Structures are given as C-alpha cells and as structure tokens.
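Everything on this sheet refers to the single structure shown next.
Reckoned from all heavy atoms, side chains included, excluding hydrogens, waters and symmetry mates. Model, not experiment: these values are computed from the prediction. Whatever order the structure lists ligands and atoms in, that order sets their numbers, starting from 1.
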Amino acid sequence: MTPQPFFFRAGLVLLNVLIIAVAENATAQNRDPASLQGLRVALDVGHSLQNQGAGSARGIGEFHFNQATARVVREVLTSAGAHVLMINEDGDLPDLLRRTDLALEEKCDVFLSIHHDSCHQKYKQKWLVDGAPQEYADQFSGFGVFCSQKHPLAQVSRQYATILGQAMLAAGFHPALHHHEAIEGENRPFIDEAAGVYEYSDLIVVKRTAMPAALLECGVIVNRDEELLVKTRAYQEQLAKAVAQAFAECLRQGVLKLGTGAHLSPTPGGSGAPVAPTTAPEDKKGLLRRLFDRPKKT
Ligand SMILES: [Zn+2]
C-alpha cells in the first residue's frame, strides 16, 4: 500500500466533515418524531352532530370528515410526544367559546381546528346519489389555512398558519385558492397565496383563543374525487405528518414555545371570559352569531 499524499488525506477529512454537516442539516429538517415532546395541542373537531357544516358531494356532513381526520392527527401528534386535547370529538359541543375555554383550561400552547372545505353555491351542480339529489363542484380541490388578524397574538398566529401551509406544500398537497375570488361570501384576503393561507378574522376559534390558532381545511369534499380521497387513511396520515412537521418547525423557529399555555390570560370577550348562560332556545341567527362574529358559513 503506497502512502497517500497529504493533500489527498486532507481532502478525505474535508469530505467527511461535509458529509456530516449535510447529514446534520437533513436531520434538522426531518426532525425526530419525538421533537413534539412537551407541546400541548388543542385539536378542535369542526362543527357538530347538530350542525354538520358543509355537505359532501355524496351528501355526508362535514363533521364526519373532520372527526375521522382529527383522530389520525391526534394519533400522529401523540406518537411524536405531544399532549393532545381533542375538543368536540363526539360532536356534542357546538359552543365555540366553550371550546376555546377548554383549550385555555388545559394550558394548551397551540390551537388547531380541523375542517373540510366547500365552495360558493353558484358553482355547484346537481347529480343523483342512490336516487337522492346531491350537489358537487369538481373544479375546486386542495387545502386552505385560515387565521385571524384580530387574534391577541395575531403575528404569531400568522407565522404558525404560514408554516402550516408550507408544511402541507412540502408534503405534496396543493392549496385551494378559490376563497380569494371577489364575490360575495368569498373575497378572503391572502396572507400567503403560495402556501394557501387566508385571513378570516372573525372566525371565533381562530380569533378568541388565547393561544396561537389556525383552522385547516383538509380538502374539498364537494369535489367528487377529493371527497373519496380525504377519507383514505393514506391521505389522513400524510396530512397528520405535515401538521406534526409544522409544529416541529414552529418550535424550531421559536414561533411556538413549550409551556406558553401555562401563562396565557383569558382573551377579552373570548377564551376564559365568563359567558352568559343561554336560557332560551337560540334562533338560527343567534346560533350563527355564536359560530362566527358575522353570520357566515365555512
Ligand atoms: Zn367547516
């Protein structure tokens, strides 16, 4: 064996250093699943059995999609070390302020509301499913993220929502951009168009929560193909992993911090604030007012 010249040996050392540096960088980007250890997550299942939200192309209430996906998200977050408070899992908690109260009582560091999307009524077409008329719109698909500019930590919520949208993109999902269209009932300003992040300031769960909050529309269930896709375990797991990656990235960037939830104060008129008990049955307008500060369906 012939002795190796000095510059050759030095080159090997340099190469090793470079390989280690690249490997460490890759590790930082694909964080250990245990990296959510200590994070306290409030996971809200959107809508309820009583008010199921949007209807799918096959006439199934949005709540059922939200429940199924949120359960997989909980599974993945829990296995990554997070403490997950599932809110409204059985669809029996229509009171949105109560949901934000629960997140505060449980000292959660972050709030995520799980939903599935629809579109403006004018785009819906009719078809028959098992003999019953249903409505669909196949031209819309993808995810969307909403956050509120009126949140007490609006800037942090924006960063969290944007990181969530970016994690969805990185996981292979594409954004649904139709809520930006300048028509009544849509017209939502973009916070980050590329990442599918919108401002929706008066949604109660993203406005009244004490901790950083975002709402994730996981897919468009009025689209006939996407309705079937979002029900698959593979889609739900991929999405759940993207959520876990987003939380890990938020922690890495300091957007979310462990233990924040233990020091949060109630928000004025919202999370933790006393809510007047309802004695009389609510009319539809009253219920809508409680779902959103302005009567509007999502
Ligand atoms: Zn919804």
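Between the Ser157 side chain and the Ala213 main chain, a donor and an acceptor come within less than 3.5 Å of each other.
Arg98 places a side-chain heavy atom less than 4.5 Å from the side chain of Leu102. In this structure, Leu216 and Val73 have side chains that are not in contact, with every pair of non-hydrogen atoms separated by 4.5 Å or more.
The nearest N, O or S atom of His116 is not closer to the Zn ion (ligand 1) than 2.8 Å.
For the Zn ion (ligand 1), the nearest N, O or S atom contributed by His115 is named ND1.
If you check the side chains of His178 and Gln139, you find no donor sitting under 3.5 Å from an acceptor.
Take the Zn ion (ligand 1) as the corner point: the lines to OE2 of Glu62 and to NE2 of His47 open at 100°, to the nearest 10 degrees.
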